[in-house]
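Values below: all heavy atoms of this structure, side chains included; hydrogens, waters and symmetry mates excluded.
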Amino acid sequence: LSKQVRKKTRRYSGSVGESRLMPYFFVGAATIYLILFTSIPLLRGFWFSFTDSLLLAPTEGNFIGFENYRRYLTDSSFYSSLWTTIVYTFVVVVGAVSLGVISAIAINEKLPGRAIFRSMLTVPWAVPGVSVVLIYNWIYNYDSGVANQAVQALGMGQKGWLIDPSLGMFAVTFASIWKVFPFIMLVVLAALQSVPEELREASKVDGADRFSAFKTVVIPHLMPTIRVASLLMTIWSIRRFEIIYLLTGGGPSGATNTIVINVYKQAFESSELGRAAALGILGLLLSLSVTIVYFAVDRKNAKRDSL
Amino acid sequence: MKKVSPTKIFRWIFVFVLASFAIFPIYWMYNTSLTPVGGLFGGQNLIPRVQDSLQIFNVFFTEVPIWRWLRNSAVVALGTTLSSLAMAVLAGYGLSRFRFFGKGLLGFSLFATQMLPEALLIVPMYALFMSLGLLNGFSGLILANTAFVMPVAVWIIKSAMDGIPYEIEEAARVDGTPRLAVLTQIMMPLTAPSIAAASVILFFDGWNDFLFASTFISSSEKWLATVGLASFLGEFVTPLATVFSAALVFTIPAILFFLIMQRQIISGLTSGSVKG
């Protein structure tokens, strides 16, 4: 094996006298860093998940096998947390992707003030999570928030955006979509600008009206970009922490208690390190399965397209 | 005069509504930062008065240690940027220009870090930093943030370097210029826009960090701005105008840098993930 590698390396770097260890000089620091601060903590977290360790004495836990996992998998509150995670992720991804694609299409063509509008539409993405929480916390304020001023003006009465369990998920997903949709918009905008002009022209010559040209030419061109951006958005949503934690803390009455929020509370409020780690691993499995399904579908699509 | 079509007017109104939706919360933050306590309850004015705001700034400078928080945030952000950038430039070059054993695995691991919930890793990291004595210090925060954001910078820089033809450095290589000099004198200047974009992402990852900062830091002199600002949530002593003035001072640098660098950031992020 090492002979093969040596040959490949030398052929590629293509200069005589260069050590075959050269590539490792470049990637070495980053690799060692990731091993020390990502891989080892991950393995250690995996180990914790089989123990009854507590936060203040992480090394003194006893091995208890699958007990932590068994407890979650037979506990209905785990399934409601899983369901909350799925609902949150689904709503945020669908909302952000629709809003992002619509914004990108709307702003792609010439329009008076387009540059200013584009900057305005980009701003939420740059706003730090903590600032997002501060401002939405005030907007959602029961007595004096602007959200209630607005719905009261419409004659709908005051709403407990962050207090009413039936509205908590709405309040949190709304703030999250607001923050992340510009990412989709910018990515789609970049893809739109790479639609070959001939393609559009060709469809015009064929007598296609704007809408059907859009459907048959532009949308298929955008699909790969939208798919990748949706995958990233899904993974990021599954692990989103501060907006949810600071806005509702998982409440009201568990309405926004996603797995990640639950992991943090188990570890740092209940000090149950082992249980928290097991839940974290279950959450990681969720992200992993989404990614695996994505790549499986992607490969199938690629095969179909090449046929 | 050119005739303006109704669909164009409709589209303009549509974009105007979208843009207002995007900017309103920021405008509201600004508005609140200029409105004195009495003006907030029972309906806020759409346009605040100037003399009120001067009075608010007085309170702001004296009552909130925002400058200390911002300085702490800047230290962590700068540390995260420098440590990540040093490793990411080297690794990006290595991944772009060499074929070597373990390359596929390294590339996959870099993507996989995006899947890891911080809330899972923070538990063993907490245990690790406790044993190293790095809790309650900025270096622990820099180390933790670097672990999560450095892979993103590697992707951005690697894909930028993929776009530079190999012949450009070949000429220098024939002259016997060492690899490292090729990297610093030829490749880095050529990919400077992407490196700058990566720096913005790195810097604001440290600047925006709340989870590590609130978990690892226990003494309030070492609070980052995120933790300090979050401490206003649910307390009713500090006037809202003061809270939002502080929040604005914290937010505006992020907005400015992202707006300036948006094109490079987007092309870096997408080319990395599309190929990954």
Side-chain angles (χ1 to χ4, degrees), chain A residues 5 8-9 12-13 15 22-23 26-27 29-31 33-34 37-38 41-42 44-45 58 103 106-107 111 117 119-124 126-131 134-135 137-138 144 146 149 186-187 190 228 232 235 239 241-242 246 260 263-264 267-268 273 276-277 280 283-284 287-288 291, chain B residues 11-12 14-15 18-19 22-23 25-26 28-29 32 40-41 43 87 90-91 93-95 98-101 106 109 113-121 123-125 127-128 143 147 150 154 173 179 208 210-211 215 226 229-230 233 243 247 250-251 254-255 258-259 262 266-267 270 273-274:
Chain A
V5 174
K8 260 189 191 166
T9 313
Y12 195 67
S13 53
S15 26
M22 188 63 101
F26 285 101
V27 299
T31 309
Y33 196 90
L34 286 179
F37 292 102
T38 310
L42 182 62
R44 205 155 169 217
S103 311
I107 207 152
L111 203 68
F117 283 139
S119 298
M120 285 166 77
L121 283 163
T122 309
V123 161
V127 175
V130 170
S131 306
L134 279 171
I135 188 60
N137 191 54
W138 173 231
S144 336
V146 70
Q149 284 177 35
L186 290 168
V187 169
V228 176
L232 281 174
I235 291 173
R239 58 177 254 217
F241 178 77
E242 61 193 12
L246 289 175
V260 167
V263 171
Y264 190 82
F268 293 97
L273 206 55
L284 181 59
S287 298
L288 260 178
T291 310
Chain B
R11 204 159 56 90
W12 193 90
F14 183 67
V15 171
L18 277 177
I23 211 72
I26 301 305
W28 206 238
M29 200 173 197
T32 311
L40 286 175
F41 299 95
M87 290 186 281
L90 288 171
Y93 181 79
L95 281 168
F98 295 97
R99 209 180 291 171
F100 55 89
F101 179 72
L106 181 58
S109 313
T113 54
Q114 291 302 294
M115 260 185 281
L116 298 173
E118 289 95 332
L120 167 62
L121 280 200
V123 170
M125 274 182 165
L128 174 70
L143 289 171
M150 182 256 284
V154 175
R173 302 273 303 121
R179 280 276 181 190
N208 297 350
F210 169 76
L211 180 54
T215 312
T226 48
L229 287 170
L233 287 164
V243 173
F250 170 69
T251 307
I255 293 180
F258 272 91
L259 283 182
Q262 50 167 303
I266 286 298
S267 73
T270 48
S273 55
V274 168

Which atom names give the shortest non-hydrogen contact between A/L284 and B/P117, and what distance separates them? CD1-CD, 4.0 Å
Chain B contacts, top residue of A/L111, A/V263, A/N137, A/L42 (heavy-atom pairs, under 4.5 Å): A/L111
Kindly compute the distance separating CZ (A/F268) from OG1 (B/T215), expressed to the nearest 0.5 Å. 5.0 Å
For B/F100 and A/V27: C-alpha separation, side-chain torsions, deciding distance, then whether side-chain contact (heavy atoms from CB on, under 4.5 Å) applies. CA-CA 10 Å; B/F100 55 89; A/V27 299; 3.9 Å; yes
Run the numbers on B/I26 and A/I135 for side-chain contact (heavy atoms from CB on, under 4.5 Å), then give the verdict. CA-CA 8 Å; B/I26 301 305; A/I135 188 60; 5.8 Å; no
For B/I23, side chain to side chain contact (heavy atoms under 4.5 Å, CB included) partners two or more places apart: A/M120, A/V123
Carefully, step by step, assess B/L233 and A/L134 under the rule side-chain contact (heavy atoms from CB on, under 4.5 Å). CA-CA 7 Å; B/L233 287 164; A/L134 279 171; 3.9 Å; yes
Side chains of A/W138 and B/V243: closer than 4.5 Å at any heavy-atom pair? no
Measure the CD-CG distance between B/Q262 and A/L186 for me, rounded to the nearest 0.5 Å. 5.5 Å
Using a 4.5 angstrom heavy-atom cutoff, name the option from B/L116, B/L95, B/L128 with the most pairs to chain A. B/L116
What orientation do A/F117 and B/W12 show, parallel under 30°, tilted 30 to 60°, or perpendicular over 60°? perpendicular
Under the side-chain hydrogen bond (donor to acceptor under 3.5 Å, both in side chains) rule, collect the residues that match up with B/T251, sequence neighbours excluded. A/S131
Among the options A/I107, A/L246, A/L273, A/V260, pick out the one with the most heavy-atom pairs lying under 4.5 Å from chain B. A/L246
Whether A/R44 side chain and B/V123 backbone form a donor-acceptor pair below 3.5 Å: no
Separation of A/S103 OG from B/F14 CZ (nearest 0.5 Å): 7.0 Å
Just verifying a value: how many Å separate B/M115 CE and A/L288 CG, rounded to the nearest 0.5 Å? 5.0 Å
What's the separation between atom CG in B/L106 and atom OG1 in A/T31, rounded to the nearest 0.5 Å? 4.5 Å
The interface call for B/L143 against chain A, heavy-atom contacts under 4.5 Å, is both
If you look at every heavy atom in A/A126 and B/A254, which pair is closest and at what distance? O-CB, 3.5 Å
B/M125 versus A/F37, closest heavy-atom pair with distance: CE-O, 3.0 Å
Would you find a donor on one side and an acceptor on the other, under 3.5 Å apart, between the side chain of A/R239 and the backbone of B/E118? no
Separation of A/L34 CG from B/M150 CE (nearest 0.5 Å): 4.5 Å
